[in-house]
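In what follows, a single structure is set out as structure tokens and then discussed.
Throughout, a chain's letter reflects where its sequence line sits, starting with A, and its residues are numbered from 1. These numbers come from a predicted model, not from an experiment.
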Amino acid sequence: MPPASRPLEPPRAEREEGTLPALPGAQMGPVVLRFAPFPSGPLHIGNARAVVVNDEYRRRYRGRFLLVIDDTAGSAEKKILPEAYDLIREDLTLLGVTPDEVHYKSDRLERHYAFLPRLFAVDRAYVCLCDGPTLTRNRRAGIACPERDLPREVQEERWERMLAGGYRQGEAVVRLKTSMQDPNPAFRDRVLFRIWEGEHPRVGTRYRVWPMLEFSWAVDDVELGITHVIRGKDLVMEDQMETTIWESLGIRGPLFLHWGLLSVRDAKISKSKSAAEVLSGQYDGWADPRTWSFRSLVRRGILPEAIRSFILGFGLSQADITVPAEALYAENRRLLDPVTPRRIFVPDPLEVVVEDWPEDLRIGRLANHPERPDLGQRELPVDGRFLLPGEDLRARASQEIRLKDLANIQLSGKPSQGSWRARFTSRPNKDIPRLQWVPFAGSVPVSVLMVDGHRVEGRGESSLATGTPGEMFQFERFGFVRRDTEPVPADGTPRFVFAHG
RNA sequence: GCUCCCGUAGUCUAGUGGUCAAGGAUAGAGGCCUCUCGAGCCUUUGACGCGGGUUCAAAUCCCGCCGGGAGCACCA
């Protein structure tokens, strides 16, 4: 009968609830949320908030969660990456989020086209024939475009001509009539449609007139029945645009809610840089830890549940925040620690020979978990020759140290001929530095991929040689690791990925 | 510069006029543990940006200031 131990199930699922405020005007059932990524790469930690918060509200209100791939034409700086369509869907699955519906912006152009005449009808849109620089200059100066007040018939005719290919890229745009005197220069007669003659990865060259984000959403949020748009406050001007459009038509749209900017201090979230490094082969694919993609986090053994509670802990505050990755690790550690077996890994191993090793001490018994006797133990044969972590060894060159769970030894200064000498002192536990060890004979090479992309090589206990990809261990005095799902290299060295300490 | 947003401990967050001499998490410090100087457990340090007002009473409401951030694209 094992003594009292921790519960088997990961603790504190209950902590998850209650951190997000109630959704204004929401009722059970009819709530419809959306997550709308631009397909330029896989989802990364920066998208986590949008996914988790919207999904959380879906769960709470038993509503619907729509994935709307925001794949309008983009720009030179923001290019669609064709494979991102699949990557994004896989990443949602990784997080345990299943969209109720999936839509593609690029499938909806006809709807956007069909909507625009409603704005002509209320005299709130016009076709502007200024070139780009002129448009910008006039906007800044508050000067109206000469085409602005041409009659509706002319606007509609020019619109038809745009659709028919009568203008080249850059020659015409459709603009919303707000006011050229609006105090916010950015808000003066923003562009609704522009011409783009490139080839789209999904719809090819079928369309040449593309809506801007704000207009497409003014249409889609209403047509898709979105009730709440919850996203970062960097998009507030888009709210204003949508609202302006709806008000001019007497349409009632969804409610907008925002959170402030979240940056993870230790994660350089440069999506474009990551993409470049991945595509050039500098990085180890989209799951390279340096990308901070969802898949890289999962590869490291960060549980979706940890990402969830990490995010939900921020609530919906509009303050801009910078959090250390440690906060995410703390969530993960809390879930992992109670259930994760311990193993021995010795980084940068150095040989230590204990010359007077006792004859009768031939087996080391190590608990698989310090607080879970029910998880059993394993036995390691010992003979006086060990591998110890180099860094610790050098720092304790002539001290007495404890081989954790085994015996105490006195190190005798500097190494000779590549190995260190030591004398056996005693067996019982002692309050001296405790180091992890592995028998010199019967250990295996182990490689651990760290967050910065470098590998720590070392030796581990022999049981690490084989196992199931994805299994988690805590390497004592090293950190939590996950057996890599990438193929084992030709030399057979088992590979792990470092999660955190 | 203009528009908008935000300001509770090192960091993140709870708090919507009294029950707050401000709660939690994480980090820090100290201790514990038949044994992780990197896990765990316990204890502990530490905060309402500043100045005015309103009120019997303000972290909570109002004004000003200071500080921080975002946006200002024919990108999303």
When you compare the side chain of V264(A) with that of L328(A), does any pair of heavy atoms fall below 4.5 Å?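 No, side chains not in contact.
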The side chain of [X] is closest to which nucleotide in this list: [options]?
X	options	result
Q474(A)	rA39(B), rC35(B), rC6(B)	rA39(B)
E326(A)	rU26(B), rC6(B), rU13(B)	rU26(B)
F314(A)	rC12(B), rC6(B), rA39(B)	rC12(B)
R477(A)	rC5(B), rC12(B), rG38(B)	rG38(B)

Pairs where residues 166-175 of chain A contributes a residue and the test salt bridge (Lys or Arg N to Asp or Glu O under 4.0 Å) is met, not counting sequence neighbours: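 Residue pairs passing salt bridge (Lys or Arg N to Asp or Glu O under 4.0 Å), neighbours aside: R168(A)-E197(A).
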Looking at R434(A), does any N or O in its side chain come under 4.0 Å of the phosphate oxygens OP1/OP2 on rC35(B)?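 Result: no.
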Please check: side-chain N/O of T178(A) versus main-chain N/O of F187(A), any donor-acceptor pairing under 3.5 Å?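 Yes, the answer is positive, given that a donor and an acceptor are paired below the 3.5 Å cut-off.
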Test item: W159(A) side-chain N/O and L163(A) main-chain N/O as donor-acceptor pair under 3.5 Å: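 No, W159(A) side chain to L163(A) backbone: no donor-acceptor pair under 3.5 Å.
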Describe the nucleic acid contact of [X] in one word from base, sugar-phosphate, nothing, applying a heavy-atom distance below 4.0 Å.
X	answer
R396(A)	base
A327(A)	nothing
P324(A)	sugar-phosphate
T340(A)	nothing
R265(A)	nothing

Atom CZ of R111(A): over 12 foreign heavy atoms under 6.0 Å: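 No - once you tally the heavy atoms of other residues, nucleotides and ligands closer than 6.0 Å, there are 12 at most.
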Separation of [X] atom [atom1] from [N] atom [atom2], in whole Å?
X	N	atom1	atom2	result
M450(A)	rG38(B)	CE	C1'	11 Å
R333(A)	rA25(B)	CZ	P	15 Å
I344(A)	rC35(B)	CD1	P	14 Å
R372(A)	rC41(B)	CZ	P	14 Å
I307(A)	rC12(B)	CD1	P	20 Å
F310(A)	rU13(B)	CZ	P	11 Å
L336(A)	rG40(B)	CG	P	11 Å
E461(A)	rU36(B)	CD	P	16 Å

Angle class for the H258(A)/F256(A) ring planes (parallel below 30°, perpendicular above 60°, tilted otherwise)?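 Because their plane-to-plane angle is under 30°, the rings of H258(A) and F256(A) count as parallel.
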Of all residues at least two apart in sequence or in a different chain, which pass the ring pair (Phe, Tyr, Trp, His ring centres under 6.0 Å) check with [X]?
X	result
H200(A)	W210(A)
W286(A)	none
F115(A)	F215(A)
F478(A)	F345(A), F498(A)

Judged by each residue's nearest nucleotide on RNA chain B, which is more toward the 5′ side, A319(A) or L435(A)?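 It is A319(A), whose closest nucleotide lies nearer the 5' terminus.
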Upstream residue (5' side of RNA chain B) when I321(A) and G479(A) are each assigned their closest nucleotide: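 This one resolves to I321(A).
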Suppose you measure atom [atom1] in [N] against the same atom in [M]; what distance do you get, rounded to whole Å?
N	M	atom1	value
rA47(B)	rA22(B)	C1'	9 Å
rU26(B)	rG40(B)	P	8 Å
rG38(B)	rC33(B)	C1'	16 Å
rU8(B)	rG46(B)	C1'	12 Å
rU19(B)	rU11(B)	C1'	29 Å
rA76(B)	rG7(B)	C1'	29 Å
rA25(B)	rG15(B)	C1'	15 Å
rA59(B)	rU54(B)	P	16 Å

Ring center gap for F386(A) and W420(A) short of 6.0 angstrom: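 Ring centroids of F386(A) and W420(A) are no less than 6.0 Å from each other.
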Would you please enumerate the stems RNA chain B participates in, each stem being three or more consecutive Watson-Crick or G-U wobble pairs with both distances under 3.5 Å?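 Ordered by first number, the stems with RNA chain B (at least 3 consecutive pairs each) read B:1-7 with B:66-72, B:10-13 with B:23-26, B:28-32 with B:40-44, B:49-53 with B:61-65.
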R378(A): what forms a salt bridge (Lys or Arg N to Asp or Glu O under 4.0 Å) with it, not counting sequence neighbours?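 E461(A).
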Close N/O contacts between protein and nucleotides 63-65 of chain B (under 3.5 Å):
none

Note: D221(A)-R34(A) ion pair, threshold 4.0 Å (strictly below):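 Counted as a salt bridge, because a side-chain N and a carboxylate O are separated by less than 4.0 Å.
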Cut-off 3.5 Å, no hydrogens considered: what does the side-chain donor-acceptor table look like for residues 139-146 of chain A, sequence neighbours left out?
residue, atom, partner, partner atom, Å
R139(A), NH1, R188(A), O, 3.1
R139(A), NH1, D189(A), O, 3.3

Ring pair (Phe, Tyr, Trp, His ring centres under 6.0 Å) between F496(A) and F475(A), intermediate numbers included: CA-CA 10 Å; F496(A) 293 85; F475(A) 285 171; 5.1 Å; yes
Indicate for each nucleotide in nucleotides 67-76 of chain B, in 5' to 3' sequence, whether protein heavy atoms under 4.0 Å reach the base (B), only the sugar-phosphate (S), or nothing (-). -BSSBSBBBB
Can you list the residues that meet the side chain to side chain donor-acceptor pair (under 3.5 Å) rule with D86(A), with sequence neighbours excluded?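 Residues passing side chain to side chain donor-acceptor pair (under 3.5 Å) with D86(A): none at all.
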At a cut-off of 3.5 Å, list every protein nitrogen or oxygen paired with a nitrogen or oxygen from nucleotides 42-46 of chain B, distance to 0.1 Å.
none

